[in-house]
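Some notes on the structure that comes next.
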Amino acid sequence: MTDKLPPVHPATFAAQAGGDIDAETGAIVPPLHMATTYIRDPDNGYSKGFIYGRPDNATVRQAEAVVTRLEGGAATLLSGSGMTAATCAFLALERPAHIVAPEVMYWALKLWLREDAKSHGLDVTFVDGADMQAITAAIQPGRTKMIWLETPANPLWTVSDIAAAAALAHAHGALLGVDSTVATPVLSQPLLLGADVVMHAATKYLNGHSDVVAGTLTFARKDAYFERADRMRKMLGGIIGPFEAMLLMRGMRTLHLRVAHQSRSAMTVARHFATDPRVAEVLYPGLESHAGHAIAARQMQGGFSGMLSIRVKAGTEAAIRTAAHVRIWKRATSLGGVESLIEHRASVEGAGSPCPPDLLRLSVGLEHVDDLIADLGQALGANA
Ligand code: PLP
């Protein structure tokens, strides 16, 4: 690879996937490296730096370099899913380890922290992630190794103060980890606010086309914590396949464009339904009525994400009926793709979830916003 870019904005770096030109062919799209094994030198060495496909791959490295640059970090590990990345962030902690995590967060990761983490020597205390006093009170001096936040957090879009949590974690010798899937590096860069590791379900906005499952961990430093996470991925084989890494890199070329558009449309949808009498509440950090608006305005730039939720005034059955009557929004789980998704979230999260049963989660895509508003409006009308 040749012709690296001069210092540029993250959007430029992403648009050109790092700007590499293939030395052999001059191709401006990087070649896809599918090989699982590499030729040894006659002197028995591996002078090109690649040995085997489980620890390393050139296409994966290239996608990692883009994420590292977008997050302003020192190194990124790309894994086969967001869950692989997130659980690796916890499993790489030194033991004994106590973790402080938010009550409102991606449900499957919370389930793992609640039911599986203990068997890996990890104790977890769940607190209101928007309440710094509650986070402070949950710290166990000497035992707490990590504060974990998701911001904005699924599905209420609870906002946590990253800089304050980083200062608190560091005062107690702990790390701050942030699931920044919804904010994306376009709107928020947790490492620059003091976090030690930032995680993405790259399945969502980073890829953006609902056709890759992937996860990333980007580290502030290449320190012992990074080394343990790196070793874990090598040993357990959590690396993503090269084809998926290539698709992810292609997706990231349009990340800034997509996220800006989706954030604008989400704000329009939020404002529209905030005054709809059939809607009890719109949850969106971009609205001044949202409890986390002031902090979100401070730590997010250029928008408040493409994710929002509405609570249907007529109740749970009406919410499910609304989702059944959309024609443009797609009734599906996940988020961050080019197509808009609607989901009755409590049906997914089950008992013990903080998600109200009348809530519909909306992932705003790239369709014309007037079509999205009209479609949701007519679906809400199905309850009349
Ligand atoms: N974090 C958040 C905020 C998510 O929404 C998800 C998936 O929905 C994950 C983590 C897990 O990602 P994956 O499904 O790629 O394992």
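All values reported here derive from a predicted model rather than from experimental measurement. All residue numbers refer to positions in the sequence shown, counting from 1. As the structure lists them, so they are numbered: ligands from 1, and atoms in each ligand from 1.
Residue Leu335 has at least one heavy-atom neighbour below 4.0 Å for each of these atoms of ligand 1: 5 (O). The atoms of ligand 1 that sit less than 4.0 Å from any heavy atom of Asp179 are 1 (N), 2 (C), 3 (C), 10 (C). Numbered from 1 in the order shown, with element, the atoms of ligand 1 that lie under 4.0 Å from a heavy atom of Asn154 read 3 (C), 5 (O). Of all atoms in ligand 1, listed by their number and element, those nearer than 4.0 Å to a heavy atom of Ala214 are 15 (O).
Rounded to the nearest 0.5 Å, atoms CD (Gln378) and CD1 (Ile373) are 13.5 Å apart.
Each of Thr268, Leu308, Leu376 was compared with Phe273 under the side-chain contact (heavy atoms from CB on, under 4.5 Å) criterion, and only Leu376 meets it. Partner of Leu360 under the side-chain contact (heavy atoms from CB on, under 4.5 Å) criterion, out of His344, Arg345, Glu343: His344 alone.
The protein atom (non-hydrogen) at minimum distance from atom 13 (P) of ligand 1 is Gly82 N, 3.4 Å. The protein non-hydrogen atom at the shortest distance from atom 11 (C) of ligand 1 is Tyr106 CE2, 3.4 Å. The nearest protein atom to atom 15 (O) of ligand 1, hydrogens excluded, is given as Thr203 OG1, 2.6 Å; this is a heavy-atom distance. The shortest contact between atom 16 (O) of ligand 1 and any protein heavy atom is with Met83 N, 2.8 Å. The nearest heavy-atom contact from the protein to atom 12 (O) of ligand 1 is Ala201 CB, 3.2 Å.
Residue contacts with ligand 1: Val182 is excluded, as none of its non-hydrogen atoms falls under 4.0 Å. Heavy atoms of Ala202 come nearer than 4.0 angstrom to ligand 1 in no pair at all. Distances from ligand 1 to the non-hydrogen atoms of His200 include no value under 4.0 Å. Not a single heavy atom of Leu109 lies less than 4.0 angstrom from ligand 1. Using a 4.0 angstrom heavy-atom cutoff, Lys204 counts as in contact with ligand 1.
For Leu257, the CG atom sits in a loose shell: 12 or fewer heavy atoms of surrounding residues, nucleotides or ligands are nearer than 6.0 Å.
Of the polar atoms of Glu150, none of the N or O atoms is found under 3.5 Å from an N or O of ligand 1, judged by distance alone. Ligand 1 has no nitrogen or oxygen under 3.5 angstrom from a nitrogen or oxygen of Met199.
Salt bridge absent: Asp230 and Lys222 never bring a charged side-chain N and a carboxylate O closer than 4.0 Å. Between Arg231 and Glu227, none of the side-chain N atoms (NZ, or NE/NH1/NH2) sits under 4.0 Å from a carboxylate O, so this pair counts as no salt bridge. Using a 4.0 Å cut-off between charged nitrogen and carboxylate oxygen, Lys313 and Asp276 do not count as a salt-bridge pair.
With sequence neighbours excluded, the residues that form a ring pair (Phe, Tyr, Trp, His ring centres under 6.0 Å) with Trp112 are His120.
Listed for the Thr181 side chain is a donor-acceptor partner under 3.5 Å among the backbone atoms of Ala201.
Residue pairs meeting the side-chain hydrogen bond (donor to acceptor under 3.5 Å, both in side chains) criterion with at least one member in residues 236-248, sequence neighbours excluded, do not occur.
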